[in-house]
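Reviewing the structure listed below.
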Amino acid sequence: MTQQDRQRIAAGLAGGLSYAEIARRLDRPTSTISREVGRNGGPGGYQPQRAHRVTAQRARRGTPAPPWAAGPPCDPAGEEIIELAVRSGLPRMTARVHVDLLLSEDGTRTAAQLARRLQVSPASVSVAVNYLVQHGYVRRERDPQRRRDVYVVDDEAWYHSVALSARQTLEAARAALSAAATSGPDTAVGRRLARAGTFLERVSLDGMESADRWRALLA
């Protein structure tokens, strides 16, 4: 890979492009791009000049990169899920942690495993998993033998995430309706809040009912 290729990779990352799109523009396999970025600082720390220099030094020594340096296997489907999650507003690190859990064989990882696989700090993992736990995507379990937390993603997580989102929307709806009553039904503000609250209330109740109705599909 040339230094110009690496500069184009850095530009693509800065522009929010997926590994698959960067690979397409460079006419290279997506796995090549994911390995290149993974072994050279990750999406948030990739520096093309440094990556080129380190690769040249490695080639002169004749020593391959350590097996953990490439991070987790990133197939195009996994990268696409990450990019979709980021575009919907999920922080990139949180999306990476979530996808790594989704693609794990048994749906579990420890914080140490996530940090090692993603080549990030334990603090970054902690922030990401806390967000996922709070929003119902992941649950935290305790391993009593090793005295450590284990993070689990399973089919039920989708139900809990939808139900949690619906409950939060319902809380917002009822707050809007309460504010509408305070403002008065004859005021412009009161009417605006009443419309918004009624809409959000109906949507959230429908969402909770739908989640309960189709929950059996996850069994």
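Between Leu101 and Tyr151 the shortest heavy-atom distance is CD2-O, 3.5 Å. In plain terms, the two heavy atoms of Ser183 and Leu193 that are nearest each other are OG-CD1, 4.3 Å. Closest approach of Met93 and Ser124 over heavy atoms only: CG-O, 4.0 Å. Across all their heavy atoms, Ser204 and Ala166 have their closest contact at CB-O, 3.3 Å. Across every non-hydrogen atom of Arg8 and Arg25, the tightest pair is NH2-O, 3.1 Å. Of all non-hydrogen atoms in Asn40 and Glu36, the two that sit nearest each other are ND2-O, 2.8 Å.
Under the 4.0 Å criterion applied to side-chain N and carboxylate O atoms, Glu79 and Arg96 are not assigned as salt-bridge partners. Note on Arg215 versus Glu156: salt bridge recorded, some NZ/NE/NH1/NH2 to OD/OE distance being below 4.0 Å. Classification of Arg28 and Asp5 as a salt-bridged pair holds, one side-chain N sitting under 4.0 Å from a carboxylate O.
Among residue pairs with one or both ends in residues 79-114, those qualifying as ring-ring contact (aromatic ring centres under 6.0 Å, His included) are His98-Tyr137, His98-Trp158; sequence neighbours excluded.
The side-chain heavy atoms of Arg92 and Pro43, taken from C-beta on, include a pair separated by under 4.5 Å. Here the side chains of Val138 and Val129 are not in contact, with every heavy-atom distance at 4.5 Å or above. Counting only heavy atoms from C-beta outward, the side chains of Leu13 and Leu17 never approach each other to under 4.5 Å. Two residues are said to be in side-chain contact when any heavy atoms from C-beta on lie closer than 4.5 Å; Val133 and Arg139 fail this criterion. Here the side chains of Glu141 and Asp149 are not in contact, with every heavy-atom distance at 4.5 Å or above.
Listed for the Gln113 side chain is a donor-acceptor partner under 3.5 Å among the backbone atoms of Thr110. The main-chain N or O of Ser165 is found under 3.5 Å from a side-chain atom of Thr169 such that the two form a donor-acceptor pair.
Tracing side-chain contacts under 4.5 Å through hydrophobic residues (I, L, V, M, F, W, Y), one never reaches Ile81 starting from Leu84; they form parts of separate clusters. Residues Val152 and Leu102 do not share a hydrophobic cluster, defined by chaining ILVMFWY side chains whose heavy atoms lie under 4.5 Å apart.
The closest side-chain donor-acceptor pair between Arg140 and Asn130 falls under 3.5 angstrom.
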- Task: Begin with the C-alpha distance, continue with both residues' side-chain angles, and end with the deciding distance and a verdict on side-chain contact (heavy atoms from CB on, under 4.5 Å) for Tyr46 and Arg6.
- Result: CA-CA 9 Å; Tyr46 185 78; Arg6 291 188 166 93; 3.2 Å; yes

- In sequence, state the C-alpha distance, the side-chain angles, and the governing distance for Arg117 and Arg109, and then conclude on side-chain contact (heavy atoms from CB on, under 4.5 Å). CA-CA 10 Å; Arg117 286 176 56 78; Arg109 296 270 193 241; 3.2 Å; yes

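For Arg87, the CZ atom counts as densely surrounded, since its 6.0 Å shell holds more than 12 non-hydrogen atoms of other residues, nucleotides or ligands.
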